[in-house]
Amino acid sequence: MKKFVLVTGGAGYIGSHTAAALAERGYEPIIYDNLSEGHIEAADGRLLVIGDTADTLKLNELFKKYDFKAVFHFAAASLVGESVKDPAKYYTNNLSAALNLLSVMLNFGVKNIIFSSTCATYGNPVRLPMDEEHPQAPINPYGSSKLMAETVLKDYNAAYGLNYAILRYFNAAGAHPSLPIGESHRHETHLIPLALKTLIKGSGKKLTIFGTDYDTPDGTCIRDYIHVSDLADAHILAMEKLFADGGGFAVNLATGKGHSVKEIIDAVHFVTGLKVPVLTGERRAGDPPVLVAANTLAAHLLGFSPKYTDIHKIIQTAWNWEVNKRF
Ligand code: UDP
């Protein structure tokens, strides 16, 4: 019997890699994406239904047609800066649409959700590395919208028996090592793809380092970069944990290792043999100096350990994608 799972936002970056990993493991992912951020090509031949998670009628049709064993909810807006300028977009997409999806799930008796959350729910670190018990005090509407959705999941678990996995991502990076999918945002804001784009012949681009006066060893911000294929694997382990035990849990997904902006630039040089042209700029609003996770709970609960522990290997897959990208 086919094991259907719904993947909202499955034509986006992390969603497409998870859909691919699900298919590799014998599940039948049905991708549901409004293509506002996603790409048809990222579905990579898998079944794609174009639609919005705010569209109850369309979701009803889909849930009638397929007996979903679980829902992966990736569809969301995820840019910190944009969320400050346009919070309505974030509360509408990340909270209101999520409530809609959850109502449909409950109506159809679908009990398992794997929810994309973020380290932005923690806000500024009060201790490092950040474990799951770290206070959650988001400093922007993106983090707030995700934290509100987390609260909803916990309350629905208590009241309606909904099983949930809250996965708090740190910095997703890299691309699938063999399939033609990778990171492709219409408006790119992330460090690694921006650094790589400066190296494409004739781009004429430069990378601006946002702040060199942070209280870190080299003055630039430190982040915890995790490969997107590792994230995808963790999602499947999370789903299987819900199948086995039900209930609910929240875990960080990260490597537990931090790299500064300057270290990333050096690593890009090491991998590509090319020097990233850089400018030094002002700090970007809302950037904490250091975000590094404690990742032992995911290991303990899910048996998850990232395969990509070397930042060079992560950047190598991102570079392969950048030079061969199809969308
Ligand atoms: N960054 C930078 N220049 C850029 C983009 C990002 O210096 O053009 C820095 C940013 O300030 C942060 C780190 O790189 O410290 C990672 O930023 P990114 O946007 O990739 O991810 P975020 O941590 O914001 O989710």
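Counting convention: from 1, in listed order, for ligands and their atoms alike.
Comment: D213 engages R283 in a salt bridge, judged by a side-chain N to carboxylate O separation of less than 4.0 angstrom. For the pair R223 and D287, the salt-bridge criterion is met [side-chain N within less than 4.0 Å of a carboxylate O].
Inter-residue side-chain proximity for V5 and L22 is flagged as met; some heavy-atom pair is nearer than 4.5 Å. P177 is listed as a side-chain neighbour of Y308, based on a closest heavy-atom distance under 4.5 Å. Side-chain atoms of H39 and H185, non-hydrogen and from C-beta on, never get closer than 4.5 Å to each other.
In this structure, the ring of H17 has its center no less than 6.0 angstrom from the ring center of F74.
Using a 4.0 Å heavy-atom criterion, the residues that approach ligand 1 are N171, T189, H190, L191, L194, L207, T208, I209, F210, C221, R223, Y225, V261, R284, D287.
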